[in-house]
Each structure stands twice: as structure tokens, then as C-alpha cells.
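Heads up: the structure comes next, in C-alpha cells.
All of these numbers come straight from a predicted model, not from anything done at the bench. Whatever order the structure lists them in is the order used to number ligands and atoms, beginning at 1.
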Amino acid sequence: MENVDFNSRYWDGSYDWNGGGEEWSEMWGGSRAQWLGSLYPRVSAFLPAKNVLEIAPGFGRWTRFLLAASDSYQGIDLSQECVDACIRRFENAPHARFMKNNGSSLETVADGSIDFIFSFDSLVHASTDVLDAYIPQIIAKLSSRGAAFIHHSNWLDAGKGLPNDHGRAIDVSHRAVLDTIDLHGGRMLIQEMINWGAGPCTDCLTTFCRREAYSGWESTSLENSEFMHEGNYIRQFQSPYSHIAMLGNRL
Ligand SMILES: C[S@@+](CC[C@H](N)C(=O)[O-])C[C@H]1O[C@@H](n2cnc3c(N)ncnc32)[C@H](O)[C@@H]1O
């Protein structure tokens, strides 16, 4: 897969990981503030969870929070550099396991075993063929009450003609992701289109489960062009509290 080869070359050897990914949280005033103010409110229905799988953890920006909210954690990334960094960073977490994959396979994870699957700021770079490979496996890995939250591109719908400064996969749309989920026995719980930088909603957060799970819930679509404003508010009014917590060495 061309997209996998590109991501592999870029994230394993080319990218300067000195910042550990924290550089991508500056807008929110740091990863702790971003987790508590932006991400956790969107995934709190599913955490804590017994078994968590993170796809593409990078250097573990979200892993520390997922580890604190799980009995067992697996992180799978196509970059050996990232896997090695996470093994070092989380060496004191006996319930964590990090594995390198080929950029499209979850074969090391048992079917029906995962209560929460999380991926943020990674699969936005994944093209349709990669998502088409991952989504059926994600559904198969979920437990009966499990759910997945994935951040992916919506460039095909919203990005045409814009400068693609953040490397979004250009052939992915929110509708195509929904169709793939549906085709493979899944069901969307919430799909939130979000902006990244100024402009239209080129990104998307899709939360989904097995078709029979959460039967009382009606699938909900949201178009949120305020995602960056939310980040601004979090940086201005929440991140100072996070900085106190970090001084006290809290998560
Ligand atoms: C921008 S970094 C984000 C890392 C982490 N999620 C974060 O937010 O800090 C992108 C990560 O996705 C991984 N990645 C990209 N494509 C992937 C794929 N097809 N399968 C697994 N990992 C992938 C890269 O190796 C890298 O670790």
C-alpha cells in the first residue's frame, strides 16, 4: 500500500520526535488539557475499560491516559521507533503491550476482546484502502459492548482546493467511512465532522460499535466547525489548571 509505505518512511526515521508529539497539543495548552477538555468528554462513555487497544500511539501522547483507565492496554503502530519509545516510556506499566504492525493488520489482537479502541491524530493520514483494511478488523475485535473512536480524514468532502498543510488523506470522506462500517456489521454511534485549523470540516471523529450494541442509541451526526475555538478556550481557561497538576507530577 503506497500510503503505508509513505507513513512508514515518514514516521520511522524522518520525523523529528524530540517533542514526543507534545508540539501538536500547543493549540490546547498541552496534551493534559487537550485530553481532559477535548478528548475525554468525547470518550468518557467508554472509560474506564477493561481492555483497550490504541491504534498508532506514536510516542504515547494519549497512552498515559488510556493506561490509567484500563486493566489491559495494547498499542499498535507501524513505526518501530514509536513502539520502542513507548516500551521505554511505559516500562513501569505491566498491563501495557506495544507492537509494530504492517500498517493495516490487527491480527495480534483476539477477536471480540476489546472494550475500547482509540485512535487520535493518526489515521487522518490513512487513505481509504488502509481504513478499508482496519475498519472490519476493528469491528471484529470489539467486545459485545465495545466501542471504537477513530479520528480520520474528511478531505474528499471538505478539502478540495485547500492547501493540505496537515497531510490529510485526500481520498477519504465521512460517508465512505460510514458505508464501510455498515458493510462490515458495525453501527455509527456519533460522527462529528471537525475543522483543523481555519476553514471547513476536513477531519472527522467517528465513534462506532457492533451493529447490535447500544441498541437504545440513535446514531447522531454533528458538524462542528468550532473545534479549533474549543481548543482556544481550553488553552485559555483550562490549561492553567493542568499546569498546576503537572507541577504536582499528576497524570
Ligand atoms: C501524528 S503521529 C500521532 C501519534 C499519536 N496518536 C499522537 O496523537 O501523539 C501519527 C502516528 O501514526 C502512525 N501511523 C500512521 N499510519 C499508520 C498505520 N497505517 N497504521 C499504524 N500506525 C500508523 C505513525 O507511525 C505515527 O506514530
Can you list the ligand 1 atoms lying under 4.0 Å from a non-hydrogen atom of [X]?
X      : value
Val130 : 19 (N)
Asp121 : 1 (C), 2 (S), 3 (C), 8 (O), 10 (C)
Trp24  : 1 (C), 2 (S), 3 (C), 9 (O)
Cys82  : 27 (O)
Tyr134 : 18 (C), 19 (N), 20 (N), 21 (C)

Ring-plane angle category for Phe65 and Trp35, please: parallel below 30°, perpendicular beyond 60°, tilted otherwise.
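If you compare the ring of Phe65 with that of Trp35, the planes turn out parallel.
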Do the ring planes of Tyr10 and Phe6 sit parallel (below 30°), tilted (30 to 60°) or perpendicular (above 60°)?
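Answer is parallel, since the angle falls under 30°.
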Which residue owns the protein heavy atom closest to [atom], what's the atom, and how far is it?
atom                    : result
atom 18 (C) of ligand 1 : Leu78 CD2, 3.4 Å
atom 10 (C) of ligand 1 : Ser122 OG, 3.5 Å
atom 19 (N) of ligand 1 : Gly103 O, 2.8 Å

With sequence neighbours excluded, tell me which residues meet side chain to side chain donor-acceptor pair (under 3.5 Å) with Ser173.
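Result, side chain to side chain donor-acceptor pair (under 3.5 Å) vs Ser173: none returned.
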Evaluate [X] for polar contact with ligand 1, using N/O atom pairs at a separation under 3.5 Å.
X     : answer
Glu54 : no
Arg61 : yes
Asp77 : yes

Going by atom type alone, with no hydrogens or angles, which donor-acceptor pairs under 3.5 Å involve a side-chain atom of residues 47-54 and a protein atom two or more places apart or on another chain?
from: Asn51; atom 1: ND2; to: Ser113; atom 2: O; distance (Å): 3.1
from: Glu54; atom 1: OE1; to: Thr63; atom 2: OG1; distance (Å): 2.8
from: Glu54; atom 1: OE1; to: Tyr73; atom 2: OH; distance (Å): 2.6

For a salt bridge (Lys or Arg N to Asp or Glu O under 4.0 Å) check, start with the C-alpha distance between Asp182 and Arg187, then their side-chain angles and the critical distance, and finish with the verdict.
CA-CA 6 Å; Asp182 190 54; Arg187 191 166 75 84; over 6 Å; no
Tyr15 ring center within less than 6.0 Å of Trp24 ring center
yes
Is the ring centre of Trp62 less than 6.0 Å from the ring centre of Phe90?
no
Given Gly21, Gly19, Pro57, identify the one with the heavy atom nearest to atom 5 (C) of ligand 1.
Pro57
Which of these, Gly167, Ser105, Ala56, Ser8, has its nearest heavy atom closest to atom 14 (N) of ligand 1?
Ala56
Step by step, work out the salt bridge (Lys or Arg N to Asp or Glu O under 4.0 Å) result for Lys100 and Asp84.
CA-CA 9 Å; Lys100 174 179 157 34; Asp84 292 344; over 6 Å; no
Looking at Tyr214, does the NZ or CZ of Arg145 lie under 6.0 angstrom from its six-membered ring centre and within 45 degrees of the ring axis?
yes
Under 4.0 Å, heavy-atom basis, I'd like to know which part of Ala126 is in contact with ligand 1: side chain, backbone, both or neither.
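Near ligand 1, Ala126 shows nothing, with every heavy atom at 4.0 Å or more.
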